[in-house]
Amino acid sequence: KYLEVVTPTDLDALLLQLPACRAVVTTGQKATETLLAHFRAPLPQIGSYTPVRFGTRELRLYRMPSSSRAYPLKLERKAEAYAEMLRREGLL
């Protein structure tokens, strides 16, 4: 949350190198805010996503619960949220 982005990743260049990429997942507030600012997208609820366009692709920007023990959500609930996201993406 309090980190400073010193050298931003060139997200467009990265996504151009990954033509099969259809979803991006963040777990921290700073990463989520940085990604959403890049795509000028609204903040999704934790465990959900915001659809965005990147060229001809539609991407899903997921905001997932932090895996940190400091995030006050039971491990089982975190696992359920990740399992749902993986099912939605056809990976589970």
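Numbers here are sequence positions counted from 1.
- Distance check: Arg60 CZ to Arg88 CZ gives 8.5 Å after rounding to the nearest 0.5 Å.
- Not one N or O on the side chain of Thr26 forms a donor-acceptor pair closer than 3.5 Å with the backbone of Ala31.
- Under a hydrophobic-cluster definition in which Ile, Leu, Val, Met, Phe, Trp and Tyr are linked whenever side-chain heavy atoms come within less than 4.5 Å, directly or via other members, Leu35 and Leu14 are assigned to different clusters.
- A chain of hydrophobic side-chain contacts below 4.5 Å, direct or via other Ile, Leu, Val, Met, Phe, Trp or Tyr residues, connects Leu61 to Leu43.
- Counting all heavy atoms, side chain and backbone alike, Gly47 lies closest to Pro65 at N-CD, 4.4 Å.
- The ring pair (Phe, Tyr, Trp, His ring centres under 6.0 Å) analysis of residues 6-52, with sequence neighbours excluded, yields the pairs Tyr49-Tyr62.
- The shortest non-hydrogen separation linking Pro44 to Leu36 is CD-CD1, 3.8 Å.
- Contact detail for Ala41 and Thr50: the closest heavy-atom pair is CB-CG2, 3.8 Å.
- Partners of Arg22 according to the salt bridge (Lys or Arg N to Asp or Glu O under 4.0 Å) rule, which considers only residues two or more places apart in sequence or in another chain, do not exist here.
- The pair Arg87-Glu84 meets the salt-bridge criterion, since a charged nitrogen lies less than 4.0 angstrom from a carboxylate oxygen.
- Interatomic distance, OG1 of Thr34 versus CD of Gln29, reported as 10.0 Å (0.5 Å rounding).
- The shortest distance between side-chain heavy atoms of Tyr82 and Thr27 falls below 4.5 Å.
- Proximity of Ile46 to Ser66: side-chain heavy atoms (C-beta onward) are nowhere separated by under 4.5 Å.
- Here the CE atom belonging to Met85 is positioned 9.0 Å from the CG atom belonging to Leu92, to the nearest 0.5 angstrom.
- Taking CD of Gln17 as the start and CG of Asp12 as the end, the distance is 11.5 Å to the nearest 0.5 Å.
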Residues 51-58, side-chain donor-acceptor partners within the protein, below 3.5 Å, at least two apart:
residue : atom : partner : partner atom : Å
Arg53   : NH2  : Thr56   : O            : 2.9
Arg57   : NH1  : Leu18   : O            : 2.8
Arg57   : NH1  : Cys21   : O            : 3.0
Arg57   : NH2  : Leu15   : O            : 2.6

